[in-house]
Structure formats: C-alpha cells, structure tokens
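Inspection log for the structure reproduced underneath, given as structure tokens.
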There are 2 protein chains.
Amino acid sequence: MGNRGKASPPPEAYRPDDYPRPSVTVDIVIFTVLDGDLKLLLIQRGEPPFEGRWALPGGFVRVGDAMADRGEGLDEAAARELAEETGLPEGSAYLAQLHCFGAPDRDPRMRVITVAYYALVRPDLVPLVQAGSDAREARWFSVAEEVKPDRLAFDHAEILEVAVERLRQQLEMAPIAFELVPATFTIAELRAVHEAVMGVTYDPGNFRRRFMRMITDGIIEQAPGKRPTGTKPAKVYRFVRPHPRR
Amino acid sequence: MGNRGKASPPPEAYRPDDYPRPSVTVDIVIFTVLDGDLKLLLIQRGEPPFEGRWALPGGFVRVGDAMADRGEGLDEAAARELAEETGLPEGSAYLAQLHCFGAPDRDPRMRVITVAYYALVRPDLVPLVQAGSDAREARWFSVAEEVKPDRLAFDHAEILEVAVERLRQQLEMAPIAFELVPATFTIAELRAVHEAVMGVTYDPGNFRRRFMRMITDGIIEQAPGKRPTGTKPAKVYRFVRPHPRR
DNA sequence: TCAATAGTGTCTTTCAGACAGTATATA
DNA sequence: TATATACTGTCTGAAAGACACTATTGA
C-alpha cells in the first residue's frame, strides 16, 4: 500500500490522513461443545441498531490517537475482547483469525469493517464464563438447534457460516479438537466433539483407530486413570503439549 | 490504550464516531507461473517510507464520507486495485481474501490495517499486464530466486509468506491450478504449475493419473487439438466451467 | 535411428469405511 | 445375567508413490 491509493490513474502523493477512515472492530465466534452439541456464545444487544437481537461478541480495535499511542494489534484486540466477554483469563482459549468483513452497509450507522475471529473454549471452562461477563446478557446457543441465522444482528449470520465452515475444515486438518475437550479425555469424548462439529456420526472402531495413530505420532498419550462411563470405564488420554495456545 | 474512552468493562453506548479510526488498505499478492517458476508482481515505491523498496500492490479502501457515500466493499476494493495495478479487466484473475494484518507499527507513519488478498493471473494474460499499469515501476519476481523478503517494504514479507502457504494449501484442496494455466492446457503444463508452486517434482505418471480422475469427475475435459512439445504432441484439456471466477 | 516426452500398467503401502467379534464394567 | 460400551480384528476399496514399460513424435 502506500500513499497514492485513491483513484485510478492519479499521479502520486496522497497524505493518507486525507482519506476518510472506517471504524474497525473485532467480532468473535466463540464455540464450545457441551453434551455433544456445538454451542455458540451470543450477546443480546441493549441498544439500536438491532436492539434486543443476539449478536457476536466484539468491540472496537484500539487504534490509539496518534504518534504516542498506536493502540493494539488485531490478535491482541481479539484476545482482549474474548477475555472481557467471557471473563476467562487471556490465553485460556484457542483463538484464530477467520476473515475480514467489510460490506459498505453491514452496519446501518456507519462504515464499519470487522475482523472476525473464532475461539474454542474447553467445556470445563464454560462454567466460569458467565461469572466474568459484563452486564449484557450472554448465552450459549446450540448452533444446530437454537441459532436462528436471520435473527442475528448485522451480518453475523454470514460470519457464523464462514466460521462453522472453517472450524470443520480445521478439525480435519489440524489437531484442534483438543481445544474442545478437557485436558484429559476419552476417545469417545473426542469422537463426540467431532460428531458435534461435523454433524455426522463416526464408527467408533474406525474413529478409535484413526486416533490411535496420533499416539504413535506422539501427538497424544495415555494419561493415568480411567473415566467411568456407566459401563466399562474408558482409558483417558491427553494432548502431548498440554493444551497449546498458539 | 488510550482512547479517551478506554473500554474494558464499560457499560455501553459508545458512539462509534468517538473512536479513533485506522486507515484501511488492501494489499494484493499477485501470483503467476511463468516457465515453471512461481512469480510475484511487485511495485517499486516512489516515496518514503521505504522509498525505492519493492512492495505489494495495494491501496486504500474507499470508505465514503458519510451517509451518502458508503464507499466500496473489501472484495470490490481488491478487484479495483488489482485492475488498476495490472491493467487487466476486472474479473480476469482469481482473487481471494487472505488475512488481515494490523500490527500497530506496521506502517511507520500511522495506524494502517490492511486486508491482504491473493490473486492468480493466468500466464497468457501476463503480457497484457505492463500495458495498463501506471507510472510506477512494476515487475514480476521469481518467488524462489529473486524475492528478498527482508528487502520488502512494510510487513510484506510476512504477508507473502502467508500467501504462499495458503496458495499451496489451496492448490491441494481446490481446483485452483486452472487459474494458473491458459484456457487449454496439457497435463505437463498443469504439472509444471503444481511443481512451481509446491517446490517439488511429481512423478509424471502418477500426476497424470491423479488428474485423469478429474475427467471422470467432470471437472476437466479433453479439448480439441494437440499441443506440440518438441517431441510427441500432448493432448490438451480444459476446465469444464471455462475459467470460473468466483 | 535416436532422444525425449506422452501415456499406460503394476506393485506396494496406507488409510478409510463397513462390520463382526471380544472384553469388561454396571444394573 | 443382561446390556451397554470399550476395544480389537478383518475385509474391501480408493488412492498415492515407486517404477517399469510402451507409444509417438521431431530431429
């Protein structure tokens, strides 16, 4: 980028300060899996536009005011928002940038460009969530059963759609399922996460074998103890780098 | 952070207009493959900062000034920049959003957040490129041989790195190689593209079989004619939806 | 005729999916 | 004892990689 930037063939030398600037926000699609169901944290808006509607948590990126204060980076802003909205300590959830949305009319008030992130909260942390969240109403919704995309504020339905798509894709490519189970877990629990996210069922035997390979690959290892299941107790495993952020 | 309205747990009701806003640009990593080599279009900067250094083409997103004019969307801005910088008609290259970069100090002058895109230009269009590009010096660089990441302006080395990574990933997942060959192509040409992008060599026989499957899948089909190769002429194929944009 | 590339065939390994079978806990 | 789930084994088919082989052109 550079100066010049404006119109098609104009020569050079634009002082960027001359350009109108958009507001920039981060919005976060916060997922967890509870009881074998993919859930999403939404916040009820307290004022217009979309008053009373449910929306993704988010907020403005702190940009600073000039030379002195340059504000925060995008990942930083997202981590801060995530912590603020959930009450969880920073770094306790997986967080990754998703996509940038900037349709001119996505906010009726003004031009707002948002950098969407998605976050994965381990289910054992969910009980801690409500605690820290601020005044506004926050609730977990079942993505499959409860979320009504056309009732979401702004373009958040579109963001959610991209997020689910990306989550599914990542789940098949990266060792990311561990971000959605407690520190130790059984194969069945891991399978439940996959099934909840992908919206399919997996053959228990085949699924197990697939993850047994991760043991020989050194990605997961058996942990001490067993998990009672109602019938035969199951072995528990843990992710080798115990719940890595990145 | 010091916007006057800091913001951590504050109740509500910020008039977004109160917040300082960043400049927002789009930067485009424009790839092509020429002579079996992955190339990148860079532009030499004519003024500080980074005067004389090579940079990704890009420019400011038109944001409009108020109610009346809301400006353009991000994809729109990227398509416009791409057209302006290459002289190619809009829509003649594949274009997809890559990632958003917003480190506070990525532009020494001021706070600038950039939405990075990557573009794929078919090699048969490359000769048309210089024509339309404006006064500034633009040149194709071999990504493997010529680009010196630490000589690039701003954080463009980082953007490039992410772009190459994404391109490789996409090449293995999506029918995207067709964006880097002429409308009709031989298997060897397609293989050359894959080899250039991935930086490896493929067994010709195995590679062929892999793409023969795309015929039965209806993704590519044989086209009339043969391509002389110096020895035995090769069959030519075409992408079934002839070079789809999206 | 030779060199070079186009194009085909075969063998092996890996892995996913279907599915049967065994083991071990609780009710 | 019954049953539900943990866990193991087997078969099949798809696909990738290594590699040998045939076909067809230009020089």
Side-chain angles (χ1 to χ4, degrees), chain A residues 35-36 168-177 181-182 184-238, chain B residues 33 35-37 168-177 181-182 184-238:
Chain A
D35 307 319
R168 286 181 177 158
Q169 182 197 301
Q170 284 297 98
L171 193 67
E172 302 209 306
M173 292 180 38
I176 206 183
V181 288
T184 67
F185 51 87
T186 67
I187 302 288
E189 286 165 354
L190 205 55
R191 176 163 51 89
V193 165
H194 276 254
E195 292 179 337
V197 171
M198 304 301 286
V200 298
T201 58
Y202 294 101
D203 178 274
N206 294 334
F207 187 89
R208 166 181 310 284
R209 235 184 339 164
R210 182 170 152 200
F211 278 85
M212 285 303 99
R213 264 188 288 276
M214 303 185 92
I215 290 188
T216 59
D217 292 352
I219 299 177
I220 58 179
E221 63 187 7
Q222 202 176 333
K226 297 225 170 195
R227 182 91 87 239
T229 66
T231 66
K232 176 178 174 180
K235 292 178 185 167
V236 298
Y237 298 87
R238 74 163 75 94
Chain B
V33 172
D35 306 320
D37 190 35
R168 287 181 176 156
Q169 182 197 301
Q170 284 298 99
L171 192 67
E172 301 209 308
M173 293 179 37
I176 207 183
V181 288
T184 67
F185 52 86
T186 67
I187 302 287
E189 287 166 353
L190 205 56
R191 177 163 51 89
V193 165
H194 277 255
E195 292 180 337
V197 171
M198 303 303 284
V200 297
T201 58
Y202 293 101
D203 178 274
N206 294 335
F207 186 89
R208 166 182 310 287
R209 235 180 340 152
R210 182 170 151 200
F211 278 85
M212 286 302 98
R213 264 188 290 274
M214 303 186 91
I215 290 188
T216 59
D217 293 351
I219 298 177
I220 58 178
E221 63 186 8
Q222 202 175 334
K226 296 226 170 197
R227 182 94 86 237
T229 66
T231 66
K232 176 177 173 181
K235 292 178 185 167
V236 297
Y237 298 86
R238 73 163 77 94

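All figures in this text were calculated on a predicted structure; none of them were measured in a lab. A, B, ... follow the sequence lines: proteins, then strands. Residue 1 opens every chain.
- In plain terms, the two heavy atoms of Lys226(B) and Val236(B) that are nearest each other are C-CG1, 4.2 Å.
- Using a 4.5 Å heavy-atom threshold, the side chains of Leu171(B) and His194(B) count as touching.
- Straight-line distance from the CD atom of Glu172(B) to the P atom of dA15(D): 16 Å, rounded to whole Å.
- Between the side chain of Asp203(A) and the base of dA16(C), no donor-acceptor pair under 3.5 Å is found.
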**Request:** Kindly express the pairing pattern of DNA chain C in dot-bracket notation, using | wherever a base pairs with another strand and counting only Watson-Crick or G-U pairs under 3.5 Å.
**Result:** |||||||||||||||||||||||||||
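- Rounding to whole angstrom units, CD of residue Glu189(A) and C1' of dC7(D) are separated by 16 Å.
- The OH-P distance, from Tyr237(A) to dA6(D), rounds to 11 Å in whole Å.
- Note that CZ of Arg208(B) and CG of Leu190(B) are 11.0 Å apart. Values are rounded to the nearest 0.5 Å.
- Checked against dA6(D), dG17(D), dG7(C), the side chain of Asn206(B) finds its nearest nucleotide in dG17(D).
- Comparing Lys235(A) and Arg209(A), the nucleotide of DNA chain D nearest to each residue sits closer to the 5' end for Lys235(A).
- Side-chain contact check for Tyr202(A) versus Arg210(A): some heavy-atom pair is nearer than 4.5 Å.
- Going from atom CZ of Phe211(B) over to atom P of dG7(C) covers 15 Å, rounded to whole Å.
- The closest donor-acceptor contact from the side chain of Asp203(B) to the backbone of Gly205(B) lies under 3.5 Å.
- For Arg210(B), whose side chain is taken as the heavy atoms from C-beta onward, the closest listed nucleotide among dA16(C), dA6(C), dA16(D) is dA16(D).
- Between the NZ atom of Lys232(B) and the C1' atom of dT5(C) there is a distance of 8 Å, rounded to whole Å.
- Using a 4.0 Å cutoff on non-hydrogen atoms, the parts of residues 215-231 of chain A near DNA chain C are Gly230(A), Thr231(A), ordered by number.
- Note that OH of Tyr237(B) and CZ of Arg227(B) are 12.0 Å apart. Values are rounded to the nearest 0.5 Å.
- Expressed to the nearest 0.5 Å, how far CZ of Arg209(B) lies from CZ of Phe207(B) amounts to 12.5 Å.
- Rounded to whole Å, the distance from OH on Tyr202(A) to P on dT5(D) is 20 Å.
- Rounded to whole Å, atom P of dC7(D) lies 13 Å from atom CG of Leu190(A).
- Closest contact between the side chain of Arg213(A) and the listed nucleotides dT5(D), dC15(C), dG7(C) involves dC15(C).
- Around the CG atom of Asp217(A), the shell of radius 6.0 Å holds more than 12 heavy atoms that belong to other residues, nucleotides or ligands.
- Looking only at distances, a side-chain donor or acceptor of Arg168(B) sits under 3.5 Å from a matching main-chain atom of Val197(B).
- In this structure, CZ of Arg208(B) is placed 10 Å from C1' of dT5(C), rounded to the nearest angstrom.
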